[in-house]
Amino acid sequence: MVQKISATNDFVVKFSNVNGSGSASANELFARSILRMGVPVSPRNIFPSNIQGLPTWYEVRVSEAGYLGRRGGVDMIVAMNPETWQQDMAEILPGGYLFYDSTRPLPASAFREDIISIGVPLTVICNTNYSDPRQRQLFKNIIYVGVLADLLGIETSVIESLFVQQYGGKESLIGSNRKALHLGLDWARKNLPADLCALRIERRDAVGDLIFVEGNAATALGAVYGGATVCAWYPITPSSSLAEAFERYCKKLRIDPETGRAKYAIIQAEDELASIGMVIGAGWNGARAFTSTSGPGISLMTEFIGLAYFAEIPAVIMNVQRGGPSTGMPTRTQQSDLLSCAYASNGDTKHVLLFPEDPRECFDFAAAALDLADRLQTPVFVMSDLDIGMNNRLCRPFEWEEGRRLDRGKVMTAAELDAGKTFGRYLDVDGDGVPWRTLPGTHPTKGAFFTRGTTKNSFARYSEEGADYVENMERLLRKFDTARKLVPQPVPRHAARPTKLGAIHFGSTAPAMTESLDRLAGEGRHVDALRLRAFPFPDAVREFILSHDQVFVVEQNRDAQMRSLLVNELGIDPARLVPVLHYDGTPITARFIAEAIRNHLAQGAIAPFERAVS
């Protein structure tokens, strides 16, 4: 007798489909219906880089407790792709559920004895009710949503309300989808035992005022609110939807109400190098400008990034990271561009990086990056990734302070020039490393300078004198040190008991990290944590590391890039920092993090503080 997994509002369902089968909308419908019942969900779309035919997966984490990271392990697989049958079955936890199309009989050897198999003749139901081949393909997906609704207890009215919302006044589409839904519901009620599945959805009020939005859309909206008027980009997965969302928002929010004219410029360039060049040109002219790209695009942009750094021109780069090197895994997630962005371009360069954890921070940091780029007169990177950018995530509602002004930094006006204020384009007048600049056309005779990527003195005159070069390079370091105080500060999490164990994480690892720390605490393993939100590292980061004997650094790349940055920039003993690395292209899971920490502790490298002193 199989011991069924029994859970209410706390389980993982994974859909296995074929890319191009139209399953994406049905799977999202499933996730949104649970959300509408007041139960938090966190879906993730795992898709191939081709257009059609390869396997695709859609994983839905259901968590009344509000955990939004991947848990690890699957309680139910909806297996709609015969090619990945064995792979999908292997993921199901013992006592879990296999939901499949039973139209074609399968031998007993195709199944596992320790799981519950739920066969539904989906193809037969479709062929009986539809004659058009495309309708058969599309409505099969809605039919299995109907069966799942009966198995899990999802309210039919909730799903039907989503049809109305999605299709507006198109009654024929609403009716056809409702018919397919009820084909699945009716078949399940007639043919499946009521107690077949012990996974249940029960209505709750655990979502509150949280919103459900993709990170790329949130970043784009943050750029609009942050004053961006120019976007130059070249299509690349997974960042293309960011520029497309920016265009949609601009059409609503950046149109002159009196003339109807657009107050923005969006240019799809011929390549990544051209796009960053346009952004730098716009920034030099005083416009707030950004580009969206991913790792391969960063590689192509580095020469121009170096120009912006050395000529000190504001530019914002939204980097939605993916698997590398080279083309790598275009539709998989990683945090593998840290070093390439922190030190982008030849020579001695250091750039500001921001690490959002969710769509809310994508919105906040997009706007903050535009302020920082102006204030520091330098490129600023927003380091999102595919997991955040291309998946819907629950997050706090966006907020914008009424009356908030854009921070343009040190821009000298014509009145100040006329008053005799000394203008040296690269002159450090107050010790923070940030010089004054003028915008083109500020004054007919004063405040002009020649912008160059070669060495110069404090007044922008060409110079190859070593002293001028050293002064300029040291001033850029002072500016970088100033940035340390301006960037978003890290967020600490203190364990319930004193501990000499710490953990550092950043970006999209945050939801899984939160859950893993809760799991470890429940086992008596207490770990303090610090979520990094920016580079250069604020002073609090060094203080956190030095206050713990060992610190786990959790990141999604092979070479421990964040750990390398910490060692290089803070002079930390590498032995103090324990890497926890996940880089198979899927988002990191809570179980992976917890297991890595358990294994390290089991090796006797360090004991939890409360045990060490007992």
Side-chain angles (χ1 to χ4, degrees), residues 1-17 21 23 26-27 29-34 36-37 39 41 58-60 62 74-82 85 88-89 91-108 110-130 136-160 162-163 177-203:
M1 183 69 177
V2 176
Q3 183 65 40
K4 299 179 183 178
I5 293 176
S6 178
T8 299
N9 296 343
D10 184 14
F11 51 84
V12 175
V13 177
K14 190 170 185 178
F15 296 83
S16 173
N17 300 98
S21 64
S23 60
N27 297 342
L29 174 72
F30 172 82
R32 286 183 179 274
S33 65
I34 297 172
R36 287 290 180 92
M37 289 181 65
V39 181
V41 297
Y58 189 85
E59 184 176 292
V60 180
V62 180
V74 176
D75 301 302
M76 175 185 282
I77 283 278
V78 179
M80 295 292 110
N81 187 354
W85 178 270
D88 295 333
M89 273 215 307
E91 286 194 68
I92 305 172
L93 296 172
Y97 304 85
L98 170 69
F99 180 113
Y100 70 102
D101 185 350
S102 62
T103 297
R104 295 180 60 186
L106 295 171
F111 299 91
R112 281 172 48 186
E113 294 182 355
D114 62 342
I115 62 175
I116 294 87
S117 298
I118 304 172
V120 180
L122 295 169
T123 301
V124 169
I125 298 172
C126 282
N127 290 349
T128 301
N129 290 275
Y130 302 100
R136 287 176 173 177
Q137 182 182 53
L138 294 176
F139 287 125
K140 180 189 290 188
N141 305 317
I142 303 299
I143 291 170
Y144 71 59
V145 171
V147 177
L148 290 171
D150 180 69
L151 286 170
L152 302 176
I154 301 173
E155 297 171 9
T156 308
S157 59
V158 169
I159 302 176
E160 292 180 339
L162 287 169
F163 289 149
N177 278 275
R178 184 182 289 121
K179 173 187 173 182
L181 177 72
H182 281 274
L183 285 173
L185 279 165
D186 294 344
W187 189 94
R189 289 168 180 168
K190 292 177 183 177
N191 296 280
L192 298 179
D195 61 349
L196 179 60
C197 180
L199 305 177
R200 302 297 295 173
I201 298 294
E202 292 183 359
R203 182 173 282 277

Identify whether NZ of Lys or CZ of Arg in K179 sits under 6.0 Å from the centre of the six-membered ring of Y130 and within 45° of that ring's axis.
yes
Non-hydrogen side-chain atoms of N191 and V120 separated by less than 4.5 Å:
no
How close do D75 and V12 get, heavy atom to heavy atom, and via which atoms?
OD2-N, 2.8 Å
Which atoms form the tightest heavy-atom contact between I5 and Y97, and what is the distance?
O-OH, 2.8 Å
Does a side-chain heavy-atom distance below 4.5 Å link R104 with T123?
no
Considering all heavy atoms of both residues, which atom of I154 and which atom of S33 are nearest to each other, and what is their separation?
CG2-OG, 3.6 Å
With R178, which residues qualify under salt bridge (charged side-chain N to carboxylate O under 4.0 Å, His left out), at least two apart?
E160
Heavy-atom check, side chain of L122 versus side chain of W187, under 4.5 Å:
no
Heavy atoms only: give me the nearest V74-M76 pair and the separation to one decimal.
CG1-O, 3.1 Å
Test of ring centre spacing under 6.0 Å for F30 and F15:
yes
Test log, rule side-chain contact (heavy atoms from CB on, under 4.5 Å), inputs I116 and L98:
CA-CA 6 Å; I116 294 87; L98 170 69; over 6 Å; no
Is there a side-chain contact between L192 and V147 (heavy atoms, below 4.5 Å)?
yes
Heavy-atom pair with the smallest gap, counting every atom of V2 and E113:
CG2-O, 3.1 Å
Output all residues satisfying salt bridge (charged side-chain N to carboxylate O under 4.0 Å, His left out) with R203, sequence neighbours left out; order by chain, then residue number.
E155
Would you check if V62 and V13 make a side-chain contact, meaning some heavy-atom pair closer than 4.5 Å?
no
Test your reading of the model: is there a side-chain donor-acceptor pair from R189 to the backbone of A194, 3.5 Å cut-off?
no
Can you check whether L199's main-chain N or O pairs, donor with acceptor, with K4's side chain at less than 3.5 Å?
no
Within-4.5 Å side-chain heavy-atom neighbours: F139 and I125
no
Of the non-hydrogen atoms in V158 and M37, which two are nearest, and what is the gap between them?
CG2-CG, 4.1 Å
I would like to know whether I77 and Y100 meet side-chain contact (heavy atoms from CB on, under 4.5 Å); could you show each step before the answer?
CA-CA 8 Å; I77 283 278; Y100 70 102; over 6 Å; no
